[in-house]
Amino acid sequence: DAKTTQPTSMDCAEGRAANLPCNHSTISGNEYVYWYRQIHSQGPQYIIHGLKNNETNEMASLIITEDRKSSTLILPHATLRDTAVYYCIALNRDDKIIFGKGTRLHILP
Amino acid sequence: DTAVSQTPKYLVTQMGNDKSIKCEQNLGHDTMYWYKQDSKKFLKIMFSYNNKELIINETVPNRFSPKSPDKAHLNLHINSLELGDSAVYFCASSQVKNTQYFGPGTRLTVL
């Protein structure tokens with residue numbers, strides 16, 4: 001699996017867009033970028049994933065650079081309930097998920 | 001309408017005891033998983049079952065034995081509990097392999 005690098009922590013004001021970066025410069029052609037989050041005292045929650053194209057769902061948008069070496073998860077209007085640890089994972093669809101340290105996102109009122 | 005449920009939510013027990021954690025999913029998924037999250041918050045996969053068949057077995061002591069009576073259930077039995085087994089254990093399920101749905105977790109404390 002490609003190694004990913006994320007900032008340890010980030011702050012975002014409530015109501016603003018939260019942009020969480022992820023570097024995956026060694027990603028291979030068949031590896032997807034997955035995002036999960038873990039709210040305190042809860043199980044991880046799947047957010048979104050993509051291969052090459054940008055993706056959007058009801059939770060977030062995923063922007064993947066053309067060279068696929070980095071991506072950004074966008075929460076368009078962050079709320080206090082979005083405070084969580086966000087995990088960026090690059091892996092082949094047949095591989096098991098390996099969670100790293102993630103980014104601790106604090107939404108500030 | 002809980003998708004993935006685990007019981008119990010909390011489990012406190014003495015060293016040397018044997019305990020089980022139950023997991024059920026009502027999503028109709030074929031694959032279920034057990035993960036362990038230690039005190040440093042690292043989340044690691046332990047086991048994976050697909051249609052009641054073991055497909056992933058990480059380097060886990062053989063005191064841990066998963067059992068899948070049917071594809072909606074994956075239970076975790078732990079023999080001779082040790083202090084180092086204290087952690088939060090998460091069950092998950094998926095239909096599409098890496099789009100996983102996690103349960104609320106079971107916090108195990110071994111005294």
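Just so it is clear: chains get the letters A, B, ... in the order the sequence lines come, proteins before strands, and each one is counted from 1.
The shortest distance between side-chain heavy atoms of A/H106 and A/C12 does not fall below 4.5 Å. A/S61 has its side chain out of reach of A/N54: every pair of non-hydrogen atoms, C-beta onward, lies at least 4.5 Å apart.
The closest side-chain donor-acceptor pair between A/H24 and A/S71 falls under 3.5 angstrom. Side-chain N/O atoms of A/D67 and A/T65 include a donor and acceptor closer than 3.5 Å.
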Could you please show the donor-acceptor pairs under 3.5 angstrom between chain A and chain B, with distances rounded to 0.1 Å?
residue, atom, partner, partner atom, Å
A/Y36, OH, B/N98, O, 2.5
A/Y36, OH, B/Q100, N, 2.7
A/Q38, OE1, B/Q37, NE2, 3.0
A/Q38, NE2, B/Q37, OE1, 3.0
A/N92, O, B/N98, ND2, 3.3
A/R93, O, B/N98, ND2, 3.1
A/D94, O, B/K97, NZ, 2.6
A/D95, O, B/N98, ND2, 3.2

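Pairing each heavy atom of B/V12 with each of B/L111, the nearest pair is CG1-CD1, 3.6 Å. The two atoms that bring A/G102 and A/V85 nearest to each other are CA-CG1, 4.1 Å, heavy atoms only.
Contacts of B/L43 with chain A are made by both backbone and side-chain atoms, with heavy-atom separations under 4.5 Å.
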